[in-house]
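Computed from heavy atoms alone, side chains included, the values below leave out hydrogens, waters and symmetry copies. Lettering of chains follows the sequences in order, A, B, ..., and the numbering in each one begins at 1.
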2 protein chains.
Amino acid sequence: MHQDEITRIRNFGRSVAVEVGALEDSFLNRGRPLGAARVLNAIGLGYENLSELRAFLRLDTGLLSRLLRGLEAEGLIETKPNPNDRRSRIASLTANGKEEFDIYEKLSDERAATILARHKHARRLLDAMDIVTVALSREDIAFEEADYASGIATKCLSAFAAELSKRLKLEFDLKKSGDPELSQMKPPHGTFVVARLGDMPVGCVGVKGTGVHFAEVKRMWIAPAARGLGLARRMMTTAEDAARALGIDTLRLDTNSALFEAVSLYRNMGWTEIERFNNDPYPDLFFEKQL
Amino acid sequence: MHQDEITRIRNFGRSVAVEVGALEDSFLNRGRPLGAARVLNAIGLGYENLSELRAFLRLDTGLLSRLLRGLEAEGLIETKPNPNDRRSRIASLTANGKEEFDIYEKLSDERAATILARHKHARRLLDAMDIVTVALSREDIAFEEADYASGIATKCLSAFAAELSKRLKLEFDLKKSGDPELSQMKPPHGTFVVARLGDMPVGCVGVKGTGVHFAEVKRMWIAPAARGLGLARRMMTTAEDAARALGIDTLRLDTNSALFEAVSLYRNMGWTEIERFNNDPYPDLFFEKQL
DNA sequence: GCATTTATCTGACTTTAGTCAGATAAATTG
DNA sequence: CAATTTATCTGACTAAAGTCAGATAAATGC
């Protein structure tokens, strides 16, 4: 049984290795060795500081230096000293380099589009890919404070609202659910934290400051593709730590019994059920935790 | 919208590329260059004929020859002429080579197990991986005749029965559904075809010879992970071609209206609905097609 | 301000990968 | 059985990737 599961993962590994190899081949068809192509790409993606580039591509200093020299000679990139620290250098694409980078991007996009085009259930395939992406890159998920009104926060919140609507079988409206004043989810009153994998939003949580010593946890959401990896616990810990750092000693939250995974997590993390403390239409369960 | 989908696929591509690279690194840690490791692995997997090896690994004759010489010098493999054609050679692992191969296998298995271990919903992750595997390797799916009693056929048939039970909300029993005499699904009376991707069963169909000029199509099944790629149509075409080749001019089949994808495929492929022609408990729709 | 650290570059290598034109020997073809 | 084809090997390359010991120049620490 277990061996059968391993086999499935290894079959998966084999087929993606082939796909990765095919993409590299299509890169090589541009006549440039893979090393140079990778550097050009990384610069195009925004890695401009040479030490960042080196870390990202895991290249030796000497090797990177030579590859940069080569791309410079081709007129694809420029390097100049970092004005803040003239020991280090910054690389950037020239107009020609940008053109070449765009061609590589287009090759990648085309491969992706081809995979998608021959599949009738695009949604299902993409969801499957997201699950795998998150499972493989769990270590790279970053938890960071974000403005409640920022782009990434908005993405999280609308996914959160859509899911609640589905789970609670009603039209959930953020506005009707004590949508906080922006200032309440921002230091010094509160905070809003998002978890992301690159630019893919995988979770969020808000701490809404409603008084000096207490606050409310709101908008706790984990992307469907990211479930089962223990992120919700990490998310809640992050929220509690942030609250503590803001001088808050009591947290409370409202939730709905239909969200059973969340409810069992709260109980499991030392939250205790309390009486209803608001008149919001959606929640039917209320919790509190002393920090 | 479309760009967003492309982005999701490319995020996927990036994370699997990292994973593929990490596996290769762990192979390199055995102190052998990747080329040699790949050859050793391929031999371990059963590619023994040198020309097969070359095709599988896409290596130049000279390069493969040198890599083999290196592995031979390390005492990991042996080559001997093919007794049937002494121009060609056969490679095999020595005891030491088998040991080394097993270590590579173990490294791969461990990476797979690690991914699995940190995920709570193993089933969901594995299903996602299967969907991706099939989507990426669609070209490699082989349709071939198989014995109705063979291992791969049995896997298909039990998956088929499990799915019918679920879809028809009852305990489906192959035995109660006109389970054919083995000889009826074998030439010269009929045939049984499976579609597989490596050793992963992705579909099956049987042609049950019930008379000289007519036959029944039975057990048409496509694995859930393989849906949306147009395999069902290919499967049915294969069955019809096989029937024609056996001198059959009329095909019929029974099905259930709950299997709506299959029903619409039949209509779409020129099958016409007919009267009930048996007393099986499961079907409620009956079709016929003149070849 | 002088020693140390940091970031990068250069030169001189080695290893790995890949290419290609013969050479060799065993089938196959007519 | 001679000519051709097929399968592999060898030698002589080239290109790409990677390593490592200085060199250089700018920041930093004390």
[N], OP1 or OP2 - any side-chain N/O from [X] closer than 4.0 Å?
X     : N      : value
B/R66 : D/dG11 : no
B/S88 : D/dA7  : no
B/R54 : D/dT8  : yes
B/R86 : D/dT6  : no
A/R89 : C/dA7  : no
B/R32 : C/dT16 : no

Rounded to the Å, how far apart are [X] [atom1] and [N] [atom2]?
X     : N      : atom1 : atom2 : value
A/N82 : D/dA25 : CG    : P     : 19 Å
A/L28 : C/dT19 : CG    : C1'   : 15 Å
B/I90 : D/dC9  : CD1   : P     : 13 Å
B/L34 : C/dA17 : CG    : C1'   : 11 Å
A/L68 : C/dA7  : CG    : P     : 16 Å
A/E48 : C/dA7  : CD    : C1'   : 16 Å
B/L67 : D/dT8  : CG    : C1'   : 14 Å
B/R69 : D/dG11 : CZ    : P     : 11 Å

[X] side chain: which of [options] is closest?
X     : options               : answer
B/L50 : C/dG18, D/dT8, C/dT10 : D/dT8
B/S65 : C/dT10, D/dG18, D/dC9 : D/dC9
B/R87 : D/dA17, D/dT28, D/dT6 : D/dT6
B/N49 : D/dT8, D/dA25, D/dT6  : D/dT8

Indicate yes or no: does [X] engage [Y] in a salt bridge with an N to O separation below 4.0 Å.
X      : Y      : result
A/E145 : A/K186 : no
A/D102 : A/K98  : yes
A/R8   : B/D127 : yes

Of B/S51 and A/D85, the one whose closest DNA chain D nucleotide lies more 5': B/S51
Closer to the 5' end of DNA chain D via nearest nucleotide, is it A/D60 or B/T61? B/T61
Reference residue A/L71; test side-chain contact (heavy atoms from CB on, under 4.5 Å); the match among A/R32, A/E100, A/R66: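 Of A/R32, A/E100, A/R66, side-chain contact (heavy atoms from CB on, under 4.5 Å) with A/L71 is met by A/R32 alone.
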Whether the A/T94 and A/N96 side chains hold a donor-acceptor pair (N or O, under 3.5 Å, no angle test) is what I'd like checked.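 No.
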